[in-house]
Protein chains: 2
Amino acid sequence: MEVPDIIKKDVEKKGGLEGIINLLAVEDKIIQKSKIHHALSDPLRMKILNLLIIQPLCVCLIKEAIDMPDSKLSYHLSVLKECGLIEGKRRRNWIIYHATKLGKEYKV
Amino acid sequence: MEVPDIIKKDVEKKGGLEGIINLLAVEDKIIQKSKIHHALSDPLRMKILNLLIIQPLCVCLIKEAIDMPDSKLSYHLSVLKECGLIEGKRRRNWIIYHATKLGKEYKV
DNA sequence: TTGTGGTTTCAAAATAAATTGAAATAGGTA
DNA sequence: TACCTATTTCAATTTATTTTGAAACCACAA
């Protein structure tokens, strides 16, 4: 296979394609990152996370902020929780969610 | 609706739920961000972007790096391109892709 | 206990995204 | 012109995610 001359030298300097591939982060790290991106790939979840960065809230207040059925909200909370962007603490009858340290890195 | 006492005061300090919602970024910005996250939500695309951050490459070299059919690769390139993470420049017979300034912010 | 408000879980249906292979395009060459 | 290589596009299929509404769960109070 031919390689365009304009990149040929640079690729060779980096040890060819193999050398370039070796410079990539390990697969696990890439997969982990893409999971976080997936959790944030929905505007609703982005909004929820950012609300919780501003202020920890019980589910009922989140629900009031972004109008949607309980089960839908619960689903999106679970996606955010699954990859460690938010956490929930039970407080009497409520569960109060807050953004984690990781989650706070994704403030918009 | 009742609000848990533990957050009640903090919420009020911030102007109630309404005040908190006003602190959110505007909808368009949130949507734009979530599109970027969506583009990065697939490990393949994460890998492609990171290859291109290391070194601009023609499609045929990317294809050699991460073995997959042309049309599949082309699809993923288009997703990354659509939201401005990468750009392609024609050079004779080839198209050479590179990470944009925006794209480079997402290096793993 | 029974009831109630707050929240999650579940399975089914709806929607969106990814994969495939074939056909099309575009630039360059014989 | 006809042809070749690199790449994209398209439509059909497969797979994954989201939405829904009903049922379950859980902590607390009457």
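Proteins come first, then strands; the chains are lettered A, B, ... in the order of their sequence lines, and each starts at number 1.
Taking A:Lys63 as the reference, A:Asp70 meet the salt bridge (Lys or Arg N to Asp or Glu O under 4.0 Å) condition, with sequence neighbours excluded. Qualifying side-chain hydrogen bond (donor to acceptor under 3.5 Å, both in side chains) partners for A:Arg91, counting only residues two or more places apart in sequence or in other chains: B:Asp5. Residues satisfying the side-chain hydrogen bond (donor to acceptor under 3.5 Å, both in side chains) criterion with B:Glu18, sequence neighbours excluded, are absent altogether. Not a single side-chain hydrogen bond (donor to acceptor under 3.5 Å, both in side chains) links B:Lys8 to another residue, sequence neighbours left out. Remark: B:Lys101 engages no residue in a salt bridge (Lys or Arg N to Asp or Glu O under 4.0 Å) (not counting sequence neighbours).
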Exercise. Once each nucleotide of nucleotides 25-30 of chain C is scored for protein heavy atoms under 4.0 Å, what B/S/- sequence comes out, 5' to 3'?
Worked result: --BSS-
Problem set entry | Sugar-phosphate or base contact per nucleotide [nucleotides 14-24 of chain C; S, B, -; heavy atom under 4.0 Å] | ---SBBBBB--
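Hydrophobic clustering, defined by side-chain heavy atoms of Ile, Leu, Val, Met, Phe, Trp and Tyr closer than 4.5 Å, groups A:Val79 together with A:Tyr75. Side-chain contacts under 4.5 Å among hydrophobic residues (ILVMFWY), followed directly or transitively, place A:Ile31 with no other residue at all.
Taken residue by residue, residues 3-17 of chain B places no heavy atom nearer than 4.0 Å to DNA chain C.
Taking all atoms of both residues into account, the shortest heavy-atom contact from A:Leu17 to A:Val11 is N-CG1, 4.0 Å.
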Taking only distance into account, with no hydrogens and no angle test, what donor-acceptor pairs under 3.5 Å do side-chain atoms of residues 36-56 of chain B form with protein atoms, sequence neighbours excluded?
from: B:His37; atom 1: ND1; to: A:His37; atom 2: ND1; distance (Å): 2.8
from: B:Ser41; atom 1: OG; to: B:His38; atom 2: O; distance (Å): 2.6
from: B:Asp42; atom 1: OD1; to: B:Leu44; atom 2: N; distance (Å): 2.7
from: B:Arg45; atom 1: NE; to: B:Ala39; atom 2: O; distance (Å): 2.6
from: B:Arg45; atom 1: NH1; to: B:His76; atom 2: ND1; distance (Å): 3.1
from: B:Arg45; atom 1: NH2; to: B:His38; atom 2: O; distance (Å): 3.2
from: B:Lys47; atom 1: NZ; to: A:Glu27; atom 2: OE1; distance (Å): 3.0
from: B:Asn50; atom 1: OD1; to: B:Val108; atom 2: N; distance (Å): 2.9
from: B:Asn50; atom 1: ND2; to: B:Met46; atom 2: O; distance (Å): 2.8
from: B:Gln55; atom 1: OE1; to: A:Lys14; atom 2: NZ; distance (Å): 2.7

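Note on residues 75-90 of chain A: no pairs pass salt bridge (Lys or Arg N to Asp or Glu O under 4.0 Å), not counting sequence neighbours.
For A:Tyr97, no side-chain nitrogen or oxygen approaches OP1 or OP2 of C:dG6 to under 4.0 Å.
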